[in-house]
Amino acid sequence: MKLNGKEVLVCNCEGTMTIDGKALAKACQGSDKKGGGKKAEELSVASHLCRTQIEEFQRLAGQGSELLVACTQEAPLFLETLDEMGEDAPAAQFVNIREKAGWSKDASGKSPWKTDMTAKMAALLAEAALDLEAATSVTMISGGVLLVIGNDDRALEAAKKVASRLDVTVVLEPGSGVQPPALMDVPVFTGRVTQAEGHLGQFQVTIEAFQAASASSRESLNFDGTGETGTSVCDLILDLRGGTPLFPAPEKRDGYFNPDPGNPALIGDALLQLTDMVGEFDKPQYIDYDESICAHFSAGITGCTRCIDHCPTGAITPDTVNERVSLDPYICAGCGTCASVCPTGAAKYTLPAGDGLYQRLRTVLRTYLAAGGKKAKAPQILVHDQGFGSEMIDAMARGGGGLPANMLPFALNQVTQVGLDFLLSASAYGAERVLVLVGPAQADEKAGLESEIALAEAVLDGLGYGKERFAIVDYTDPAALEDRLYDLDELPPLPNADFLGLGRKRSVMSLALADLYKAAPNKVDTLDLPQGAPFGTLEVDVEGCTLCLACVGACPTGALKDNEDKPQLSFAEEACVQCGLCKNTCPEKVITLVPRLSFLEAARSYQVIKEEEPFACIKCGEPFGVKSSIDQIVEKLSEHSMFPDEKSLDRIKMCPDCRVFDVFDEADTPMVGGARPKTVTTEDYLKERENLREEAREFSASPVCSRRLFKADLAVDTDIEA
């Protein structure tokens with residue numbers, strides 16, 4: 001059977017799973033866009049594909065089609081088999097339907113949920129068959145220059161173990177009292193580390209009181225020189241001081257290791273990893289940042305700071321010069337919290353790239369619902385990562401009852417990337433619940449996720465769908481997690497939407513909210529939301545507003561706009577993210593933010609807040625400002641020393657050109673000059689020449705001119721005769 005052009009291979013793992021090949025093929029075919037409504041293809045279910053039936057894998061691989069193998073445990077063996085085929089080998093993908101579906105007490109022969117389990121397997125296969133856009137990456141280059149920082153013999157011992165593989169330098173804190181080594185095979189210095197920045201391949205460490213070890217040291221290492229301040233440039237850092245790490249979230253900084261110096265096993269593990277960190281490394285560019293819709297900064301005013309506040313590694317910093325935030329992809333660890341809390345979608349997570357996340361979510365839920373029909377229990381989503389989360393699911397499947405039939409596992413690079421757009425989309429697609437499995441490594445990074453879940457709960461509860469739709473589960477005991485998943489109560493149904501999640505966060509949320517509202521038990525016009533919610537309206541004191549339009553220039557989303565033809569301020573509620581830039585920019589302080597979610601038609605179009613007729617220049621009549629603004633300026637400046645009389649105040653009521661002319665028209669103005677000479681043009685010269693010619697013609701025709709010419713001719717003749 002083919003799914004999205006990929007040949008599907010399914011195995012029941014020596015009979016440890018109950019798989020109905022015919023039912024599964026039918027369920028999968030309904031999800032395949034290329035199926036075209038044709039009769040479902042046959043799906044042969046193997047029992048020992050990785051061993052005794054490997055010939056079947058080789059046969060299908062020889063046909064040249066891309067493969068989708070429903071097994072992840074034996075993926076290395078299948079890949080080795082493909083390598084033996086050389087250049088003719090097709091590409092292969094692998095998906096786990098055993099621990100995530102087949103090994104479950106709901107999949108037993110007597111279980112009433114066998115249909116659900118088939119639908120679940122079809123959903124997992126359909127998701128794995130998708131062709132998703134690959135994320136871009138950045139490259140880090142490490143030459144193996146290692147800086148070891150410590151305060152005792154353990155720093156020297158660690159340095160010596162990797163000295164043959166790496167270019168090592170040791171810096172000991174002052175007063176360490178380390179015994180001199182018999183063989184000085186690594187350079188040793190002393191100094192105080194005061195600052196560090198950078199990443200794998202480009203670390204810069206500032207060291208004060210820097211001195212080199214003395215060759216004549218006897219009982220303990222002595223150091224030569226007076227001590228200087230300098231910067232050590234290195235590719236890797238091993239920090240064995242045991243104190244405060246050099247970086248926030250140190251475990252997320254590539255190339256930096258700070259194991260417990262009292263734990264030899266952790267030091268050994270760090271050294272093993274360090275020896276492999278030489279060469280060129282590609283790192284995903286986790287965040288696609290669109291500065292054009294960033295609500296952080298405008299005209300010297302700070303607005304939204306959510307991404308900066310929640311970034312654990314410090315990869316996001318303010319960039320006031322360019323009125324944006326600066327995101328360092330080399331430091332970013334890919335937690336995705338910034339994308340989760342960003343109100344505009346300026347920060348978008350790229351694993352998967354493009355709209356792959358929504359495409360996966362839609363495929364999983366719609367395939368399950370289509371395959372199970374009305375008999376299936378409502379689907380639930382368990383969001384997990386590929387590390388801790390996958391291990392918990394494996395442990396439940398191997399030692400317990402596995403996942404419930406309607407619990408669809410949804411793997412993400414980091415669970416902290418889940419935001420309001422994901423939660424609302426899952427609900428609109430029909431997910432009864434969304435549970436997020438958070439591991440110990442993310443214990444300190446849950447704040448952003450908790451705020452997004454609280455907001456999603458408020459929205460669904462306000463629409464009448466009830467509470468307990470979303471939750472964080474942070475169990476470390478597989479048995480406790482299993483009990484929680486099997487004890488969930490049934491909730492009222494949700495819509496079964498079919499929209500395509502395209503674009504950034506705001507557009508996807510709008511689509512999801514539209515379908516949720518359409519089927520809502522409680523069709524309210526507006527929902528009140530807590531402070532900080534990324535939806536809302538503005539209350540403007542119209543009397544105090546002068547239509548200066550500073551708020552329009554500050555708004556990053558275009559929620560506020562002006563009118564080129566007249567003084568006017570309009571507002572579109574659907575575009576507002578409540579960043580506060582308009583409020584902070586307003587010179588009159590007449591704007592108040594009101595967090596809410598409106599489903600009214602008026603929220604999707606611009607509504608006029610205030611408009612006035614333009615003020616006409618009292619001299620030329622040209623419109624140039626707003627009447628209320630001009631009147632207010634006149635009132636405020638009426639007692640100013642520069643405007644002592646009515647004539648000077650009238651200049652405020654003039655357009656810029658007339659104002660200048662009025663100043664120069666005054667007799668006693670110090671800027672007046674002499675009378676301007678008339679400008680002579682080419683046309684003037686030509687006219688003067690023509691006048692002279694006309695005068696010459698008139699003169700030549702006069703009697704006086706004739707007598708003069710006769711006398712002149714007579715004189716000439718007399719001279720000739722003489």
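Panel note: side chain S425, backbone F422; no donor-acceptor pair is recorded below 3.5 Å. A donor-acceptor pair under 3.5 Å is formed between the side chain of R433 and the backbone N or O of E468. A distance-only check finds no donor-acceptor pair linking the side chain of R324 to the backbone of E291 [under 3.5 Å]. Between the side chain of K120 and the backbone N or O of L408 there is no donor-acceptor pair closer than 3.5 Å. With hydrogens and angles disregarded, no donor-acceptor distance shorter than 3.5 Å links the side chain of K100 to the backbone of S390. Not a single donor-acceptor pair under 3.5 Å links the side chain of T350 to the backbone N or O of A135. Within the 3.5 Å criterion, the main-chain N or O of N406 finds no donor-acceptor partner in the side chain of D116. Here the side chain of N522 pairs a donor or acceptor atom with the backbone of G462 at under 3.5 angstrom. Panel note: side chain R98, backbone C71; no donor-acceptor pair is recorded below 3.5 Å. In this structure, Y289 contributes its side chain and V325 its backbone to a donor-acceptor pair below 3.5 Å.
Taking a 6.0 Å sphere around CG of D444, one finds it holds 12 or fewer heavy atoms contributed by other residues, nucleotides or ligands. The local environment of NZ in K523 is crowded, with over 12 non-hydrogen atoms from other residues, nucleotides or ligands closer than 6.0 Å.
In this structure, CD1 on I316 lies 4.5 Å from SG on C307, to the nearest 0.5 angstrom. Within the model, atoms CG of N322 and NE2 of H296 stand 11.0 Å from one another, a figure rounded to the nearest 0.5 Å. Interatomic distance, M140 CE to Y330 OH, rounded to the nearest 0.5 Å: 8.5 Å. With values rounded to the nearest 0.5 angstrom, T367 atom OG1 is found 9.5 Å from L125 atom CG. Rounding to the nearest 0.5 Å gives a distance of 10.0 Å between CG of L67 and NZ of K2. Atoms CG and OH, from L481 and Y486 in turn, are 10.5 Å apart once rounded to the nearest 0.5 Å.
The nearest pair of heavy atoms linking P534 to L455 is CD-CD2, 3.3 Å. For T344 against R506, the heavy-atom pair with the smallest separation is O-CG, 3.5 Å. In this structure, T305 and T302 approach most closely via the heavy-atom pair CG2-CG2, 3.7 Å. When every heavy atom of T313 is checked against every heavy atom of C332, the shortest pair comes out as OG1-CA, 4.4 Å. Of all non-hydrogen atoms in C28 and L3, the two that sit nearest each other are O-CD1, 3.5 Å. Y368 and A405 make their closest contact through CE1-O, 4.0 Å (heavy atoms, listed as atom of the first residue, atom of the second, distance).
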Assess whether side-chain contact (heavy atoms from CB on, under 4.5 Å) is satisfied between S326 and T317, documenting all intermediate values. CA-CA 5 Å; S326 176; T317 54; 3.8 Å; yes
L593 vs C582, side-chain contact (heavy atoms from CB on, under 4.5 Å): CA-CA, chis, key distance, verdict: CA-CA 9 Å; L593 303 179; C582 58; 4.3 Å; yes
Apply salt bridge (charged side-chain N to carboxylate O under 4.0 Å, His left out) to K26 and D20, showing your working. CA-CA 10 Å; K26 184 178 179 181; D20 185 339; over 6 Å; no
Apply salt bridge (charged side-chain N to carboxylate O under 4.0 Å, His left out) to residues R596 and E573 and explain how you reach the verdict. CA-CA 10 Å; R596 73 175 192 180; E573 183 170 344; 2.8 Å; yes
Could you walk me through whether V364 and Y429 pass the side-chain contact (heavy atoms from CB on, under 4.5 Å) test, one step at a time? CA-CA 10 Å; V364 165; Y429 286 138; over 6 Å; no
Carefully, step by step, assess D474 and K446 under the rule side-chain contact (heavy atoms from CB on, under 4.5 Å). CA-CA 10 Å; D474 51 5; K446 294 189 295 184; 3.3 Å; yes
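Side chain to side chain, N413 and Y349 meet the donor-acceptor criterion of an N or O pair below 3.5 Å.
Within the 4.5 Å cutoff, the side chain of L82 has heavy atoms near those of the P90 side chain. Side chains of L435 and L485 form a contact here, defined as non-hydrogen atoms less than 4.5 Å apart. For the pair E323 and F297, the minimum side-chain heavy-atom distance is below 4.5 Å. A 4.5 Å side-chain heavy-atom check between Q442 and Q414 finds at least one atom pair inside the cut-off. Between S510 and E574, some side-chain heavy-atom pair lies under the 4.5 Å cut-off. Residues Y286 and Q417 are not in side-chain contact: their nearest non-hydrogen atoms beyond the backbone lie 4.5 Å or more apart. Between C304 and V577 the shortest side-chain heavy-atom distance does not fall below 4.5 Å. Annotation: side chain of M392 is not in contact with side chain of H384 (no heavy-atom distance under 4.5 Å).
The salt bridge (Lys or Arg N to Asp or Glu O under 4.0 Å) pairs that include a residue from residues 325-352 are K348-D355, where partners are two or more places apart or lie in different chains.
Residue M407 is tested with I381, L382, D106 for a side chain to side chain contact (heavy atoms under 4.5 Å, CB included); the sole match is L382.
Salt bridge status for D498 with R362: present, with a side-chain N to carboxylate O gap under 4.0 Å. Between E457 and K467 no salt bridge is recorded (no basic side-chain N to carboxylate O distance below 4.0 Å). By the 4.0 Å N-to-carboxylate-O rule, K505 lies close enough to E452 to be salt-bridged with it.
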